[in-house]
There are 2 protein chains.
Amino acid sequence: MSTGGRKFRAGSGEGAGRAARIQDVARLADVSTATVSRVLASPNVVSEDTRARVLEAIAKTGYVPNPAARSLRSQKTYMVLVVLPNLANTFFSKILSGIEETLFEAGYGMIIGDLDGSPEKEAHFAAFTSAGRVDGAILLNGHLFGQSRDAQGEPAINIPLVALCEAIPGANIPQIEVDNRAASRRMTQYLVSRGHRLIAYLTGPADNVLEKERIRGYRDGLRAEGLAFDPELVIEGDYTIKSGIDAGRDLLGRSRRPTAVFCTSDEMAIGLMRTLHSAGVRVPQDISVAGFDDIEFAAVAEPALTTIHQPRRELGQAAATALVDLLQGRSTPERIRLKTELVVRDSVAEPVGT
Amino acid sequence: MSTGGRKFRAGSGEGAGRAARIQDVARLADVSTATVSRVLASPNVVSEDTRARVLEAIAKTGYVPNPAARSLRSQKTYMVLVVLPNLANTFFSKILSGIEETLFEAGYGMIIGDLDGSPEKEAHFAAFTSAGRVDGAILLNGHLFGQSRDAQGEPAINIPLVALCEAIPGANIPQIEVDNRAASRRMTQYLVSRGHRLIAYLTGPADNVLEKERIRGYRDGLRAEGLAFDPELVIEGDYTIKSGIDAGRDLLGRSRRPTAVFCTSDEMAIGLMRTLHSAGVRVPQDISVAGFDDIEFAAVAEPALTTIHQPRRELGQAAATALVDLLQGRSTPERIRLKTELVVRDSVAEPVGT
DNA sequence: GTGAAAGCGCTAACAG
DNA sequence: CTGTTAGCGCTTTCAC
């Protein structure tokens with residue numbers, strides 16, 4: 001079946017079988033198309049009663065400007081591209097929601113580009129962007145498109161860009177993030193304050209920029225508390241539940257078992273706890289577990305997860321606001337840091353024998 | 001700071017300070033603009049060596065067609081709008097990922113419209129759609145835009161539409177969904193087969209179309225097993241973790257407590273289990289809990305959740321495929337039903353005293 | 001304060 | 001197989 005056969009009819013049921021154009025409005029209001037355009041773009045420059053007449057005609061015809069024509073003429077699309085590494089990751093949904101909300105208010109639409117680990121898709125979105133299909137982009141993926149640069153060493157993309165969550169090293173664009181290093185240090189020190197001395201650290205993907213900040217914070221915390229950094233205690237993960245499960249197995253196989261594990265995502269922490277429980281190891285009685293992000297499920301995990309709260313919606317909003325400022329010729333800070341919060345729940349306790 | 005001041009340079013570093021247009025390519029290849037256009041749209045209609053010359057010129061200039069111009073002329077945008085009730089809901093992320101993937105392969109971009117309970121936003125996206133900014137739309141929100149209809153009773157939107165997950169009553173558009181009723185019935189009967197007689201049912205939002213199917217399935221299952229439907233055992237929720245928590249409190253306050261609770265979302269089931277545990281009620285020893293959806297966290301919940309698996313990525317893919325078929329003039333089935341799976345894990349057991 | 005006119009960059013008839 | 005021509009619907013000088 002096809003739904004393509006319907007006749008188009010203007011919104012309020014008047015007019016013939018096609019969308020109203022600026023001409024139709026102009027004719028009805030007895031003005032030129034230029035005036036109609038003005039009423040929409042800069043109402044104050046049109047006399048009051050002309051404006052009223054035009055507005056009435058617009059309502060009557062159900063006129064909606066054709067965006068392609070407008071865009072062709074004005075070289076603006078009122079669209080923003082949001083590039084992210086993995087749409088399926090639940091961590092992003094609230095951030096996206098914050099972005100969408102803010103963009104919407106500013107009159108911009110949001111196009112999503114899911115990289116999904118495919119260089120081909122990345123190239124596509126780079127082309128997409130340089131083809132002028134969007135006015136700006138928010139990058140959550142930690143690097144610039146294809147890093148293609150022209151002879152002058154300037155990126156070929158010449159629209160405003162904003163980096164969100166993952167800083168882009170060497171890129172001269174505004175960055176919105178949380179202080180990963182400080183947050184990570186804070187959690188590490190909290191763990192020590194609860195009596196832990198052997199604290200394992202479950203990382204995100206090795207090449208991840210923000211991960212480097214976090215592990216630095218972990219080392220900061222250790223050092224501040226007079227503890228040595230032990231590479232043996234660092235387990236590599238990738239933020240997913242599955243890598244938490246795997247890390248649990250790794251841990252269970254060890255003879256010298258840490259008393260606490262600091263996971264840099266809640267997903268990993270939850271997966272880890274699961275493996276531990278299945279093996280009869282209790283959290284937090286036998287081993288403490290801490291997370292990072294404070295996703296919705298952290299509070300209802302069993303036990304409720306002690307973690308670092310990231311203001312995800314606010315991060316999205318801040319990035320969108322920064323981009324809109326840029327798009328409208330305003331300036332925006334080079335770096336915006338949002339505050340994290342240590343959320344103490346039940347997954348961390350004193351180690352046995354303390 | 002502003003990043004707007006960069007000069008634009010064509011991809012490969014050649015040419016002056018502006019993007020190449022079709023004219024530039026035509027001149028360089030010594031053909032007309034029409035031929036360049038043909039090389040891009042229907043290469044086989046152009047002679048081999050002209051094509052080669054044009055392709056070379058395209059590469060040399062770094063030409064990328066201007067989408068606004070193309071769109072204005074051809075009345076196509078190669079964009080699809082995806083409307084959903086709540087972007088922040090993690091249930092949607094994998095579906096979106098499936099949609100994006102399929103759309104991308106077909107050469108379409110994905111614009112996200114998050115309704116977020118706002119009628120104003122809904123109106124916006126309706127206008128957006130009728131303004132021709134997208135070629136088609138996938139609706140996950142269970143109803144048509146603003147249900148504005150013109151004099152003839154036809155919807156004002158005349159582009160292909162596809163309904164995903166939530167059927168749209170009375171709408172004559174293809175529908176992609178799972179068999180909610182059968183799945184719900186199956187779970188109910190499974191619960192009965194494990195010895196349960198008093199099975200509570202935790203619903204989604206009351207006005208939700210798909211919810212009506214599910215509760216029907218629950219009643220089917222009860223009836224098939226010779227059990228009476230008891231409205232007292234129906235608790236109203238809204239798919240969120242929070243409503244699961246609330247339902248738990250409700251249940252704890254009851255004197256006649258059911259031995260099992262069938263929740264129509266995993267989020268609610270997880271929230272519910274949390275409340276139960278906090279009150280010292282064990283799952284599944286004291287009460288069994290079943291979910292719906294099989295989100296990632298279901299498998300690592302404590303206890304691991306028995307639930308109905310929905311093929312979320314496949315749902316997204318199927319909807320996108322159906323829409324693309326429509327957009328390209330092919331036909332598509334009126335209704336596509338994807339199979340669900342009963343996933344037995346640890347949250348359901350025999351009731352005590354059986 | 002308003003109108004006329006010139007395109008924005010592309011595609012699709014229509015000729016040849 | 002290829003070129004010429006005429007717009008798609010809008011915004012924006014430039015006159016008045």
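In what follows, every chain begins at residue 1, and chains take the letters A, B, ... in the order their sequences are listed. On a predicted model such as this, the values are computed, not experimentally measured, just so you know.
Set against C:dA5, C:dT11, D:dC10, the side chain of B:Thr33 has C:dT11 as its closest nucleotide.
The distance from atom CG of A:Leu96 to atom CG of B:Leu96, rounded to the nearest 0.5 Å, is 8.5 Å. With values rounded to the nearest 0.5 angstrom, B:Met79 atom CE is found 13.5 Å from B:Thr129 atom OG1.
One donor-acceptor pair, N or O on each side, does fall under 3.5 Å between the base of C:dG3 and the side chain of A:Arg38. Looking at A:Arg51, its side chain has no donor and acceptor atom pair within 3.5 Å of the base of C:dG1.
Here B:Thr50 reaches the OP1 or OP2 of D:dT2: one of its side-chain N or O atoms lies under 4.0 Å away. For the pair B:Ser32 and D:dT2, the criterion of a side-chain N or O lying under 4.0 Å from OP1 or OP2 is not met. A:Ser37 has no side-chain polar atom (N or O) that falls below the 4.0 Å cut-off from OP1 or OP2 of D:dT12.
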* Evaluate the criterion side-chain contact (heavy atoms from CB on, under 4.5 Å) for residue pair A:Leu327 and A:Val80; output intermediate values, then yes/no. => CA-CA 10 Å; A:Leu327 290 174; A:Val80 164; 4.1 Å; yes
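The terminal axes of the helix from C:dG1-D:dC16 to C:dG16-D:dC1, fitted over 5 pairs per end, subtend an angle of 30° to the nearest 10°.
Looking at residues 63-72 of chain A, you'll see A:Leu72 sit with a heavy atom under 4.0 Å from some atom of DNA chain C.
Remark: A:Glu48 pairs with A:Arg51 by the side chain to side chain contact (heavy atoms under 4.5 Å, CB included) rule, at least two apart or across chains.
With 3.5 Å as the limit, one finds a donor-acceptor pair spanning the side chains of A:Arg313 and A:Ser97.
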